[in-house]
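Atoms within a ligand are numbered from 1 in the order they appear, just like the ligands themselves.
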Amino acid sequence: METRDLPDVLAIENISFPNPWHETTFRGEIQNNDLSYPLVVIHRNLDKVIGYIVYWKIREEVQINNIAVHPDFKSMGIGEAILGDVIEEARAESVHYISLEVRPSNTAARGLYAKLGFELIGIRRNYYSNPDEDAIVLGMSLS
Ligand SMILES: CC(C)(COP(=O)(O)OP(=O)(O)OC[C@H]1O[C@@H](n2cnc3c(N)ncnc32)[C@H](O)[C@@H]1OP(=O)(O)O)[C@@H](O)C(=O)NCCC(=O)NCCS
């Protein structure tokens, strides 16, 4: 992800989430080279961003902080490809553990995470707002 990708990224973010990340958050992730890995999927012919993921790598752990696919390109395997690549990259870099949070109501994301092998770690009560919801914490051991 680069600064020039932000209009496309924000358009996807704003339709995908009730509490979307602000532009300054994405800018912060782009600048936070030590910790953050913000990646985009670009449609070759359209030359626009159709998906992205933002994750942090802290020592041997990866935390997935954001993932979204443009609604026009959902259910085509793009989310699985992005997250699958991150898992492979993490494995290659000797990461031991990957974690993330998801709304219980987010059937699509939960389906994706289950397919890739994430398992239930626990529940964070009242984690989300708009609407209020717990967070399901999922994790995957790579070692
Ligand atoms: C979650 C999201 C990234 C999935 O991306 P996608 O590109 O549409 O997903 P894929 O086509 O790669 O699907 C991979 C697997 O995920 C699961 N999945 C995807 N969409 C699903 C749906 N609507 N219902 C149930 N399972 C679904 C399936 O297991 C699917 O495998 P299959 O095609 O063999 O059945 C996408 O729906 C999205 O951007 N949602 C809005 C943002 C969001 O909620 N992000 C996650 C926050 S925790």
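- Less than 4.0 angstrom separates atom 32 (P) of ligand 1 from at least one non-hydrogen atom of the protein.
- Protein heavy atom nearest atom 18 (N) of ligand 1, with residue, atom name and distance: A108 O, 3.6 Å.
- If you number the atoms of ligand 1 from 1 as listed, the ones under 4.0 Å from a heavy atom of A109 come out as 1 (C), 46 (C).
- Residue-level proximity to ligand 1 for E80 is carried by backbone and side chain together, each with a heavy atom below 4.0 angstrom.
- Here the shortest heavy-atom distance to atom 25 (C) of ligand 1, taken over I53, L112, T107, N66, belongs to T107.
- Residue I67 places at least one N or O, backbone or side chain, under 3.5 Å from an N or O of ligand 1.
- Looking at ligand 1, you won't find any N or O of S16 less than 3.5 Å from one of its N or O atoms.
- The ligand atoms of ligand 1 that sit less than 4.0 angstrom from a heavy atom of N106 are 43 (C), 44 (O), 46 (C), 47 (C).
- Relative to atom 39 (O) of ligand 1, the option among V41, V69, V102 with the closest non-hydrogen atom is V69.
- Closest to atom 37 (O) of ligand 1 by heavy atom, among K74, R110, E13, E101, is K74.
- Interface atoms of ligand 1 facing Y113, defined by a heavy-atom separation under 4.0 Å, are 46 (C), 47 (C), 48 (S).
- The single protein non-hydrogen atom nearest to atom 35 (O) of ligand 1 is K115 NZ, 4.8 Å, given as residue, atom name and distance.
- When only interatomic distances are considered, the shortest N/O to N/O separation between A81 and ligand 1 does not fall below 3.5 Å.
- Comparing heavy-atom distances from atom 5 (O) of ligand 1 across S105, P71, G79, A135 singles out G79 as nearest.
- Scanning the protein heavy atoms around atom 29 (O) of ligand 1, the nearest turns out to be G111 O, 3.5 Å.
- Here is the list of ligand 1 atoms found below 4.0 Å of a heavy atom in M76: 11 (O).
- At least one N or O atom of G77, backbone or side chain, sits closer than 3.5 Å to an N or O atom of ligand 1.
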